Amino acid sequence: MTAESLGMQRELLIEALNELLSAERAGAQVASISLNETEAEVAREMLTQVHRGEADSVRRLRECLLLLDAEPTHERGAFYEKCMAISDLPERLALVDRGQKWVIRKLEGLLEQVTHPRIRQELEAVLSTHEVNSADYAAKAPGLK
């Protein structure tokens, strides 16, 4: 795989993908633990959806890294500690949504540079998941109070 087929330097792409991977892993764990902390149906639906999306994103980002013959990180992002430090679930979910929006911005920037078809396809799927989850949060957030 050549640098030209990637549309950006390989090492920078690997770094960006691993940063996203650790953030997604953190998001999946936050959603999983938060799901166990609530009985509220609207929160449970949202957290289940977020967990599925984050877990799928972890898989997709790992696949991208493997396509680059790179070692996927096993780290969990600092986002986990930031979220779990918030005991109020609606406030924690608001931070999770800000995390979704951060991922959206990062992916949009990457997609401007990546030309490799398979990696683009995976990143576009991760982007779509986060856009849907963020829109869902905006629609359901008033019901969390």
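Computed from a predicted model, the values in this text were never measured in an experiment.
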Quiz item: Going through the distances and angles, do L20 and V126 end up as a side-chain contact (heavy atoms from CB on, under 4.5 Å)?
Solution: CA-CA 10 Å; L20 285 165; V126 173; over 6 Å; no
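- Every residue two or more places apart in sequence or in another chain that forms a side-chain hydrogen bond (donor to acceptor under 3.5 Å, both in side chains) with E19 is listed here: K106.
- Taken to the nearest 0.5 Å, the CG atom of N133 stands 11.0 Å off from the CZ atom of R52.
- Remark: R120 pairs with E124 by the side-chain hydrogen bond (donor to acceptor under 3.5 Å, both in side chains) rule, at least two apart or across chains.
- Grouping Ile, Leu, Val, Met, Phe, Trp and Tyr residues whose side-chain heavy atoms lie under 4.5 Å apart, directly or via other members, places L95 in a hydrophobic cluster with F79, I86.
- A heavy-atom distance below 4.5 Å is not found between the side chains of Y137 and V132.
- Through direct or relayed side-chain contacts under 4.5 Å between Ile, Leu, Val, Met, Phe, Trp and Tyr, L66 connects to no other residue.
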Inset, instruction - In sequence, state the C-alpha distance, the side-chain angles, and the governing distance for M84 and Q29, and then conclude on side-chain contact (heavy atoms from CB on, under 4.5 Å). - result: CA-CA 10 Å; M84 296 313 296; Q29 291 177 2; over 6 Å; no
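- When all heavy atoms of L21 and P72 are compared, the closest pair comes out as CD2-CB, 3.7 Å.
- Using a distance-only test at 3.5 Å, with no hydrogens or angles considered, a donor-acceptor pair links the side chain of Q113 to the main chain of G109.
- Contacts of E45 classified as salt bridge (charged side-chain N to carboxylate O under 4.0 Å, His left out), with partners at least two apart in sequence or in another chain: K140.
- Side chains of E54 and Q100: a donor on one and an acceptor on the other come within 3.5 Å.
- Interatomic distance, OG of S128 versus CD1 of I104, reported as 9.5 Å (0.5 Å rounding).
- Here K82 pairs with nothing under the salt bridge (charged side-chain N to carboxylate O under 4.0 Å, His left out) rule; sequence neighbours left out.
- A donor atom on one side chain and an acceptor atom on the other are not found under 3.5 Å apart for H116 and E122.
- In this structure A70 satisfies the side-chain contact (heavy atoms from CB on, under 4.5 Å) test together with R10, I14, L65, L68, sequence neighbours excluded.
- For R105, the salt bridge (charged side-chain N to carboxylate O under 4.0 Å, His left out) test picks out no residue, with sequence neighbours left out.
- The two atoms that bring L93 and A43 nearest to each other are CD1-CB, 4.4 Å, heavy atoms only.
- No donor-acceptor pair under 3.5 Å is formed between the side chain of S32 and the backbone N or O of A28.
- With hydrogens and angles disregarded, a donor-acceptor distance shorter than 3.5 Å links the side chain of T48 to the backbone of R44.
- With sequence neighbours excluded, the residues forming a salt bridge (charged side-chain N to carboxylate O under 4.0 Å, His left out) with E37 are R92, listed by chain and number.
- With sequence neighbours excluded, the residues satisfying side-chain contact (heavy atoms from CB on, under 4.5 Å) with E75 are S22, T73.
- From H130, atom NE2 reaches atom NZ of K101 across 13.0 Å, with rounding to the nearest 0.5 Å.
- Distance check, rounded to the nearest 0.5 Å: CG of L89 to CG of L47 gives 6.0 Å.
- Interatomic distance, CG of L61 versus CZ of R25, reported as 9.5 Å (0.5 Å rounding).
- Every residue two or more places apart in sequence or in another chain that forms a side-chain contact (heavy atoms from CB on, under 4.5 Å) with A125 is listed here: R60.
- For the atom pair C64 SG and L17 CG, the distance stands at 5.5 Å (nearest 0.5 Å).
- For the pair V50/L35, no side-chain contact is recorded, criterion being any heavy-atom separation below 4.5 Å from C-beta on.
- Listed by chain and number, the residues in a side-chain hydrogen bond (donor to acceptor under 3.5 Å, both in side chains) with E81 are R76 (sequence neighbours excluded).
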